[in-house]
Participant: 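Pasting a structure here, questions to come.
Values below: every heavy atom of this structure, side chains too, minus hydrogens, waters and symmetry copies. By convention in this document, chain letters (A, B, ...) are assigned in the order of the sequence lines, proteins followed by strands, and residues within each chain are numbered from 1.
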There are 2 protein chains.
Amino acid sequence: MTTRPTIKEVSKIAGVSFKTVSRVLNNEKHVSEETRRRVEEVVAQLNFRPSHAARILAGRRSFQVALLYDNPSPYYVFHIQAGAMERCGELGYRLLMQPVDTTARHLVQDVLALVDEAHLDGLILSPPLTEMPELIDALDKRKLPYVRIAPGLRKNHGLATAMDDVAAAREITRHLIDLGHRAIAFVSGPESHVSSKDRMAGYRQELEAHGIAFDPSLVIAGDYSFASGGAAAKALFVRTPRPTAIFAGNDDMAAGALAAAHEADIAVPEALSIAGFDDSDLARAVWPPLTTIRQPVRQLAYAAADLMLSGKAVVQQLTLEHELKVRATTGPAPTP
Amino acid sequence: MTTRPTIKEVSKIAGVSFKTVSRVLNNEKHVSEETRRRVEEVVAQLNFRPSHAARILAGRRSFQVALLYDNPSPYYVFHIQAGAMERCGELGYRLLMQPVDTTARHLVQDVLALVDEAHLDGLILSPPLTEMPELIDALDKRKLPYVRIAPGLRKNHGLATAMDDVAAAREITRHLIDLGHRAIAFVSGPESHVSSKDRMAGYRQELEAHGIAFDPSLVIAGDYSFASGGAAAKALFVRTPRPTAIFAGNDDMAAGALAAAHEADIAVPEALSIAGFDDSDLARAVWPPLTTIRQPVRQLAYAAADLMLSGKAVVQQLTLEHELKVRATTGPAPTP
DNA sequence: CTGAAAGCGCTTACAG
DNA sequence: CTGAAAGCGCTTACAG
């Protein structure tokens, strides 16, 4: 393997001290136009790139942050990565993408170890890492800059970007009520996810705002998986009267419910309306396409990186807009 | 921000030279059991982790490799990352996940720049980067270790892991022929993807092996997207007689065709069989669940990292098994 | 505007 | 089995 060129070789060829090359690389003032040009020429000619390791070691900052996640959804992870990567790149930071195991016993220690090993300047946390009090406390204590995407807990603590799950759930519930539905079932996500609790709270609030009594027997516990959505739907199908609408806490479960409806030969949306949450890739791939809430996943991550790194943030917490996407799985309630 | 402990602080507390601490950290021989224990105690107590930057700078190797990708599929990227990450971790390497822009004019230069900046010990390439001759040539010239996942071109060149697209496409075509189908349409992926060409070649070979003439008008060009699968299906639906089966080059396009069939009120699989390729998340989320080929994406990446880093590889190219997943979108050809 | 010295936190190569 | 010296490729702080 050929060895990389170094700053000294560049300086030798350009006929200046290596300190001057360093100045050019860092866009510092006090370099004559001609010297700058000459150095830049040599840099381009050798395709020279300074060693990150050397810069990190010598400098006060690493210009390196990590995105921590532990999420089973490829869709979610992909877009979180893309959004964070984009903003970090624009601001001159490198982004390390770090899957972590939130069930590990030494999670906090592992994260702090990573911070030390990589000399991280900051951390971007995504759910469910945003909901771990021990982690938050440890980072605060360490005085390490960090930002949370969708903080379930302590929503007004530190830097964070989020959408309003409660309001979004109310909107989609209202959409169903406006279509004439009264017996609306809710398929919840895992107990431990605050997002799931928030969505259920929104569902319940909106029902009650319309004078519809909340019926706990219409709430089925799922776990955000396709299979759990199908199982929940099947449990609902044997009830008489059958609910006329199902609001699932995410798109995977909604797709599971939709498949169960197809299997049971229940027409969607004519006999049953189904709504999801997220607007993931799935939402447009199933048939009929899902009515759902568009969650601005990519933007949430982009804004999170910006909040932490741009130095121009005027707020600590930022709430981004969601959007109700009415597609084809919801329709007027069937007349009894 | 609290500053990290260093090897010198550890050595001071443990009462040894910092060189001895270095020996313990690197599991070198010639350290007395007692000294080792004492050092390890201090390391644990301080939660000390050595600086990657310092190690990279001082050592001959960085124990750092990068995974390069430019793929629009969250499913694919997620599993490639997971597989590569797992094997790298097991072998003591760090994995940098690097999205790259394959349409950039200076792609090769950018990749080599990354190699220099991060002192990379090697590169894992995924499609479509595996199919760029200039990149391959540049890496060979640089004598930089690399491995390709699913090399479309020069399949017997260098380290690579792959599945047999041609054989898999033959299998799924045979499955349809065995069900009595004769008018089988094929929806291709983008021209530029070798995987797409291979799948089409398999389709054609299997038809001909069964004495079924290849009919170019039954081949519709898609681009691996859901929308293109729907458009292709609609174009096929207006033909008389209508083909009784559609083999789409990937699951997204198969899902698009399936949605189009639902919309046109064509029963699947009673009136039309549809098969996909990949066994992505989509395959089980649509209804009916898709018959498809399971592509061992995660294992391909795992094996690729192993091939490059374990030092125990006995072959240069490794072909992993695919699997025909017969689910519910394929059935007996309708009797005319 | 430019440069020589010191140092970042480790590993390597050499001694003892 | 253990240690002191040199050096990796840069930035920082100080001079001129």
Side-chain angles (χ1 to χ4, degrees), chain A residues 1 3-40 42-43 46-64 92 94 113 115-121, chain B residues 1 3-40 42-43 46-64 92 94 113 115-121:
Chain A
M1 178 182 149
T3 63
R4 52 191 308 289
T6 71
I7 198 174
K8 296 202 174 171
E9 298 172 44
V10 173
S11 69
K12 192 169 292 177
I13 298 180
V16 294
S17 76
F18 72 91
K19 174 58 213 168
T20 297
V21 176
S22 170
R23 283 200 179 87
V24 173
L25 293 174
N26 292 293
N27 261 312
E28 288 174 27
K29 320 224 162 219
H30 309 307
V31 181
S32 77
E33 221 15 80
E34 203 206 306
T35 307
R36 185 181 297 278
R37 245 196 339 88
R38 191 144 32 93
V39 170
E40 277 168 352
V42 179
V43 165
L46 296 182
N47 198 23
F48 166 76
R49 302 295 179 113
S51 157
H52 289 328
R55 286 189 138 170
I56 290 173
L57 208 50
R60 313 192 111 274
R61 300 170 65 186
S62 70
F63 290 97
Q64 205 160 243
R94 262 159 288 127
V115 170
D116 283 344
E117 288 174 343
H119 302 249
L120 296 182
D121 284 343
Chain B
M1 176 182 147
T3 64
R4 52 191 308 288
T6 71
I7 198 173
K8 295 202 174 172
E9 299 172 42
V10 173
S11 69
K12 192 168 291 177
I13 299 179
V16 294
S17 76
F18 73 91
K19 173 58 212 169
T20 297
V21 176
S22 170
R23 282 201 179 88
V24 173
L25 293 174
N26 292 294
N27 262 311
E28 287 174 29
K29 320 224 160 216
H30 309 306
V31 181
S32 77
E33 222 14 80
E34 204 207 304
T35 308
R36 184 181 298 279
R37 245 196 339 88
R38 192 145 31 96
V39 171
E40 277 167 352
V42 178
V43 165
L46 297 182
N47 197 23
F48 166 75
R49 302 294 179 113
S51 156
H52 289 329
R55 286 189 138 171
I56 290 172
L57 208 50
R60 312 192 111 274
R61 300 169 65 187
S62 70
F63 291 96
Q64 204 159 244
R94 261 159 287 128
V115 169
D116 284 343
E117 287 173 343
H119 302 250
L120 297 181
D121 284 344

Participant: Calculate, to the nearest 0.5 Å, the distance between atoms OG and NZ belonging to B/S17 and B/K8 respectively.
Facilitator: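 Here the interatomic distance stands at 11.0 Å.
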Participant: Examine distances only and state if a side-chain atom of B/R94 and a backbone atom of B/S62 form a donor-acceptor pair shorter than 3.5 Å.
Facilitator: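 Confirmed, B/R94 side chain pairs with B/S62 backbone.
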Participant: Can you list every stem that DNA chain C is part of, counting only runs of 3 or more consecutive Watson-Crick or G-U wobble pairs with both distances under 3.5 Å?
Facilitator: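 The stems are C:1-3 with D:14-16, C:5-12 with D:5-12, C:14-16 with D:1-3.
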Participant: Of all residues at least two apart in sequence or in a different chain, which pass the side-chain contact (heavy atoms from CB on, under 4.5 Å) check with A/A118?
Facilitator: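 Checked A/A118 against side-chain contact (heavy atoms from CB on, under 4.5 Å); matches are A/Q64, A/L96, A/L120.
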Participant: Tell me, please, which residues at least two apart from A/R37 pass salt bridge (Lys or Arg N to Asp or Glu O under 4.0 Å).
Facilitator: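 Scan of A/R37 (salt bridge (Lys or Arg N to Asp or Glu O under 4.0 Å), adjacent residues dropped) gives A/E41.
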Participant: Whole angstroms only, please: what is the CD-P distance between B/E34 and D/dC1?
Facilitator: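 Going from CD in B/E34 over to P in D/dC1 covers 13 Å.
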Participant: Please determine whether a side-chain nitrogen or oxygen atom of A/R49 lies at a distance below 4.0 Å from atom OP1 or OP2 of D/dG9.
Facilitator: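 For D/dG9, OP1/OP2 do not have a side-chain N/O of A/R49 under 4.0 Å.
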Participant: Under the salt bridge (charged side-chain N to carboxylate O under 4.0 Å, His left out) rule, what pairs show up with a residue in residues 47-60 of chain B, not counting sequence neighbours?
Facilitator: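 Qualifying pairs: A/E117-B/R49.
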Participant: If you look at every heavy atom in B/N47 and A/A113, which pair is closest and at what distance?
Facilitator: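 Closest heavy-atom pair between B/N47 and A/A113: ND2-N, 4.4 Å.
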Participant: Please figure out whether A/V21 or B/A54 has its closest DNA chain D nucleotide nearer the 5' end.
Facilitator: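 Taking each residue's closest nucleotide, the earlier one in sequence belongs to B/A54.
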Participant: Tell me the interatomic distance from A/K8, atom NZ, to D/dC8, atom C1', rounded to whole angstroms.
Facilitator: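 Distance, rounded to whole Å: 10 Å.
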Participant: Enter the distance from A/L46:CG to B/D116:CG here, rounded to the nearest 0.5 Å.
Facilitator: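 That separation rounds to 10.5 Å.
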Participant: Can you tell me which nucleotide in C/dC10, D/dC10, C/dC8 comes closest to the side chain of A/L57?
Facilitator: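 When the side chain of A/L57 is considered, C/dC8 is the closest of C/dC10, D/dC10, C/dC8.
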Participant: Rounded to the nearest angstrom, tell me the gap between atom NE2 in A/H52 and atom C1' in C/dG9.
Facilitator: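 After rounding, the gap between these two atoms is 19 Å.
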Participant: Got a sec, which pairs hit salt bridge (charged side-chain N to carboxylate O under 4.0 Å, His left out) with one end in residues 19-28 of chain B, sequence neighbours left out?
Facilitator: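 Only B/R23-B/E28 qualify under salt bridge (charged side-chain N to carboxylate O under 4.0 Å, His left out).
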Participant: Shorter than 3.5 Å, N or O on both sides, protein versus nucleotides 2-4 of chain C: list them out with atom names.
Facilitator:
unit_1: C/dT2; atom_1: OP1; unit_2: A/T35; atom_2: OG1; d: 2.8
unit_1: C/dT2; atom_1: OP2; unit_2: A/S32; atom_2: N; d: 3.1
unit_1: C/dT2; atom_1: O4; unit_2: A/R23; atom_2: NH2; d: 3.4
unit_1: C/dG3; atom_1: OP2; unit_2: A/S17; atom_2: N; d: 3.1
unit_1: C/dG3; atom_1: OP2; unit_2: A/S17; atom_2: OG; d: 3.0
unit_1: C/dG3; atom_1: OP2; unit_2: A/T20; atom_2: OG1; d: 2.7
unit_1: C/dG3; atom_1: N7; unit_2: A/R23; atom_2: NH1; d: 3.2
unit_1: C/dG3; atom_1: N7; unit_2: A/R23; atom_2: NH2; d: 3.4
unit_1: C/dG3; atom_1: O6; unit_2: A/R23; atom_2: NH2; d: 2.5

Participant: Can you tell me how far apart CZ (A/F63) and CD1 (A/I56) are? Round to the nearest 0.5 Å.
Facilitator: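 A/F63 CZ to A/I56 CD1: 10.5 Å, rounded to 0.5 Å.
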Participant: Just how far, in rounded Å, is P of C/dA13 from CD of B/E28?
Facilitator: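 Value for this atom pair: 11 Å.
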Participant: Quickly work out the B/L25 CG to C/dG9 C1' distance and round it to whole Å.
Facilitator: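 The distance from CG of B/L25 to C1' of C/dG9 comes to 11 Å, rounded to the nearest Å.
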Participant: Whole-Å distance between C/dG9 P and A/H119 NE2?
Facilitator: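 Those two atoms, NE2 and P, are 7 Å apart.
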Participant: What is the separation between atom CZ on A/R60 and atom P on D/dT12, rounded to the nearest whole Å?
Facilitator: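 My rounded result for the distance is 8 Å.
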Participant: CG of A/N26 versus P of D/dC10: gap in Å, rounded?
Facilitator: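 So the two atoms are 11 Å apart, to the nearest Å.
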